[in-house]
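Worksheet: one structure, shown below.
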Amino acid sequence: MKEPRVMIVCHCAVVTDRDVTEAIDAGADTLAKVCMATSAGRQCGGCIFTLKALLCQHGTTTPSPATTPSAPAWEAVHAARQSPRSGIAQ
Ligand code: FES
């Protein structure tokens, strides 16, 4: 049987869609948790929308910065990206 194809969603950290879905299945239910679990989205941020799409496809909602008054996942990711020496997992 042929192996299902995987897609690299984060080229900076070489994280695949399978890595992301495994993190979601293991309980990463926000963008910040997916980023912490996989290391995706912590450098250039070019994969953030793909990560969000994978979260949505797996039935998990990610708070939108425009609609959530408390610290949303995006702010944590953005803050980590702004500070090259600090990561989300600190
Ligand atoms: S492509 Fe994911 S952080 Fe750059």
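Heads up: numbering here begins at 1 and tracks the sequence. Note that ligands are numbered from 1 as they come in the structure, with each ligand's atoms numbered from 1 the same way.
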For ligand 1, which atoms, with element, lie under 4.0 Å from some heavy atom of [X]?
X	result
H11	1 (S)
G45	3 (S), 4 (Fe)
G41	2 (Fe), 3 (S)
R42	3 (S)

Residue of the set T30, D29, I24, T50 for which side chain to side chain contact (heavy atoms under 4.5 Å, CB included) holds with L55:
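It is I24, the one option of T30, D29, I24, T50 that forms the side chain to side chain contact (heavy atoms under 4.5 Å, CB included) with L55.
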
Checking side chain to side chain contact (heavy atoms under 4.5 Å, CB included) between I48 and each of V34, V9, L31, which is the one that passes?
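Exactly one option meets the side chain to side chain contact (heavy atoms under 4.5 Å, CB included) with I48, and it is L31.
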
Can you tell if the side chain of Q43 reaches within under 4.5 Å of the side chain of C10, non-hydrogen atoms only?
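Sidechains of C10 and Q43: no contact.
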
Please state which option from A13, G46, C47 has its nearest heavy atom closest to atom 2 (Fe) of ligand 1.
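Nearest heavy atom to atom 2 (Fe) of ligand 1 lies in C47.
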
Calculate, to the nearest 0.5 Å, the distance between atoms NE2 and CG belonging to H58 and D25 respectively.
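Output value for this atom pair is 6.0 Å.
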
Connected via hydrophobic side-chain network under 4.5 Å: M7 and V20:
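Same cluster.
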
Rounded to the nearest 10°, what angle sits at atom 4 (Fe) of ligand 1 between SG of C44 and SG of C12?
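It comes to 100°.
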
Within 2.8 Å of atom 2 (Fe) of ligand 1, is there any N, O or S atom belonging to C10?
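C10 does place an N, O or S atom closer than 2.8 Å to atom 2 (Fe) of ligand 1.
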
Side-chain donor/acceptor of R42 to backbone N/O of A13, under 3.5 Å
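Absent.
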
